[in-house]
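In what follows, a single structure is set out as structure tokens and then discussed.
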Amino acid sequence: MMFIIITVLSLFFGVSFSKALEGGLRMAIALTGMGAVISLLTSSFGPALNAFVASTGVNLSITDLGWAPLAVITWGSVYTLYFAFICIITNLVMLFLKVTNTLNVDLFNVWNLSVLGLLVNYYSGDNIFVTSIFVVFIYALMLFNADAIKPTINELLDYDEDNITTTAHPSLLVAPLAMILNKFIDRFIPFIDKFDFDAETLNKKIGFWGSKFAIGVYLGVFIGVLGQQSVPEIFTLAFTAGVALELFGLVGGWFGPAIEPLSDGISTMMSKSLRGRKLLVAIDWPILASRAEIWAVANILAPILLLIAMVLPGNQVLPLGGIILTVLTPALLLVTKGKVIRMTLIGTVLIPLFLWAATLIASFLTETSIAMGTFPEGLSNGQLFSSVDSMPVEKMLAMLVGKMADTLDLKLIALTVVGFVVYILIFKWYLNTLKKDTLSQ
């Protein structure tokens, strides 16, 4: 289905036949490949995870498969194309009204918004109007954020003033909460900056031991030992987890090129409509990946995430696919401007939000995957899975909005209004803070 849709859409936006066909094939292969990696992981870990829960008594019965199942579910749904369409229209309208300078060409990551939209639709009883309003609202905030963080990106990456590159990645919407904590540190414990260290040096010292392969091996051994598996089974889990975590990143890299022809066609059409105006072009967050702090802090936070998961009240998710928190560290980099100790402290405080959100959406993800025929092989019937992924607060808001729209309960309406007011006020304060920090430089 997605092979046909991506190919036809690309042709509609003026992409050559060969490029359109290539994009469709890449999308089909990426979805198939990701499904195969998920099945590899779940088939190997299913029995061990059940034994882990039984032997430890820790109620972590929900398997975290990272961002992969979300991408598979969303890009397997025609709703994602609808959400992409309304986001493109929103971007175009905001550009014409000059309320943003950002043209977001990172079309692949619309799947993050699709998760929110599907959540609202799921809990609202298929209220597509409320769903659309919510998706447009969040997308507009992404564009505002892309404008606001551009000076910081220039500073961190040594871009000159003529550079037009920014990012509107959805995971960066956690930055306002990180900013609150960063200002708290400014006020009460600024002396911790004296103990900061060079992240690049740390990465070199860690070397292979902080790689995806190695982290996967640690996880396999940890779960195998606590699940009272045999020695051969522990080795199998360790090697399988190492392969799976590495393949998640490798196969995940296929999605970007798959959507690139369609994204380029849309970008060309929009640019022609705004000829003569200087725009910022938003691409995926890995423009920040050259900063060593992202990877150093991700390595530090991985064991912290696992420990918090085991003791956090209300959490039922065992971190596995999402153990490497690149859904959090880029925002921490932008807010702290690369201060490793601050990034680690703030990340530790924010981790519970990601675990709670993953716990809350598990039923939705599992039911949706079963309905779409994409339920991961290796998981037993009735077993829930989820994803420690980006936009935890927005996921909670999406569920709240959906339930409110479905029931029209006065308490839920009041709670939704209060939630949105607080959310918007924090975001507005964050934008003003970024502006003040830029002017003070």
Side-chain angles (χ1 to χ4, degrees), residues 83-84 86-110 112-113 116 133-180 182-183 263 266-267 269-271 273-289 291 294 327-328 330-338 390-391 393-394 420 423-441:
F83 296 140
I86 63 175
C87 287
I88 292 167
I89 297 300
T90 299
N91 197 170
L92 190 59
V93 170
M94 290 177 67
L95 283 168
F96 276 117
L97 295 177
K98 297 184 178 181
V99 294
T100 184
N101 294 315
T102 295
L103 172 62
N104 186 19
V105 299
D106 181 20
L107 187 59
F108 166 66
N109 281 306
V110 75
N112 289 273
L113 284 166
L116 300 183
I133 294 297
F134 187 82
V135 169
V136 167
F137 169 73
I138 298 297
Y139 190 72
L141 297 189
M142 288 165 48
L143 296 175
F144 289 138
N145 191 47
D147 288 336
I149 63 176
K150 175 56 176 167
T152 305
I153 290 176
N154 288 350
E155 180 183 347
L156 289 171
L157 303 182
D158 292 324
Y159 288 162
D160 58 41
E161 292 184 1
D162 294 327
N163 184 280
I164 62 172
T165 307
T166 187
T167 178
H169 197 276
S171 67
L172 299 178
L173 288 184
V174 76
L177 296 181
M179 181 69 79
I180 292 174
N182 194 53
K183 292 300 179 182
S263 179
I266 294 171
S267 175
M269 185 174 292
M270 292 177 69
S271 295
S273 303
L274 298 163
R275 189 175 301 166
R277 180 176 165 192
K278 182 181 177 180
L279 301 176
L280 299 177
V281 177
I283 57 178
D284 206 349
W285 75 263
I287 61 170
L288 301 168
R291 294 290 304 215
I294 283 180
V327 295
L328 175 58
L332 300 178
L333 173 76
L334 290 170
V335 168
T336 67
K337 297 186 179 178
S390 59
M391 307 177 82
V393 174
E394 289 75 17
F420 268 93
Y423 184 84
I424 293 170
L425 287 176
I426 291 174
F427 190 81
K428 185 171 177 16
W429 167 83
Y430 159 77
L431 293 182
N432 290 336
T433 302
L434 285 178
K435 186 175 181 180
K436 288 177 183 177
D437 289 347
T438 300
L439 292 175
S440 65
Q441 292 178 0

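When a residue number appears, it is its place in the shown sequence, counting from 1.
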(message) Please check: side-chain N/O of Arg291 versus main-chain N/O of Leu333, any donor-acceptor pairing under 3.5 Å?
(response) no
(message) I'd like to know if the side chain of Thr167 and the backbone of Ala282 have a donor-acceptor N/O pair within less than 3.5 Å.
(response) no
Give, for atom [atom1] of [X] and atom [atom2] of [Y], the distance between the pair rounded to the nearest 0.5 Å.
| X | Y | atom1 | atom2 | value |
| --- | --- | --- | --- | --- |
| Met391 | Leu116 | CE | CG | 4.5 Å |
| Asn432 | Phe427 | CG | CZ | 10.5 Å |
| Tyr159 | Thr165 | OH | OG1 | 5.0 Å |
| Leu280 | Asn101 | CG | CG | 5.5 Å |
| Asn109 | Met142 | CG | CE | 7.5 Å |
| Met94 | Leu143 | CE | CG | 5.0 Å |

Using every non-hydrogen atom in the two residues, find where [X] and [Y] come nearest and quote the distance to one decimal.
| X | Y | answer |
| --- | --- | --- |
| Thr102 | Thr100 | N-OG1, 3.2 Å |
| Val135 | Cys87 | CG1-SG, 4.0 Å |
| Leu332 | Thr336 | O-OG1, 2.8 Å |

(message) Can you classify the ring geometry of Tyr423 versus Phe420 as parallel (below 30°), tilted (30 to 60°) or perpendicular (above 60°)?
(response) perpendicular
(request) Check the pair Thr166 / Asp147 against side chain to side chain contact (heavy atoms under 4.5 Å, CB included), numbers first and verdict last. (result) CA-CA 8 Å; Thr166 187; Asp147 288 336; over 6 Å; no
(message) Applying side-chain hydrogen bond (donor to acceptor under 3.5 Å, both in side chains) to Lys150 and Asn154, what does each step give before you reach the verdict?
(response) CA-CA 6 Å; Lys150 175 56 176 167; Asn154 288 350; 2.8 Å; yes
Quick one: are [X] and [Y] in side-chain contact, heavy atoms under 4.5 Å?
| X | Y | value |
| --- | --- | --- |
| Tyr139 | Asn104 | yes |
| Val93 | Ile89 | yes |
| Ile294 | Trp285 | yes |
| Leu113 | Phe83 | no |
| Asn145 | Tyr430 | yes |

What side-chain donor-acceptor pairs closer than 3.5 Å can you find for residues 168-179, not counting sequence neighbours?
from: His169; atom 1: ND1; to: Ser171; atom 2: N; distance (Å): 3.0
from: His169; atom 1: ND1; to: Ser171; atom 2: OG; distance (Å): 2.8

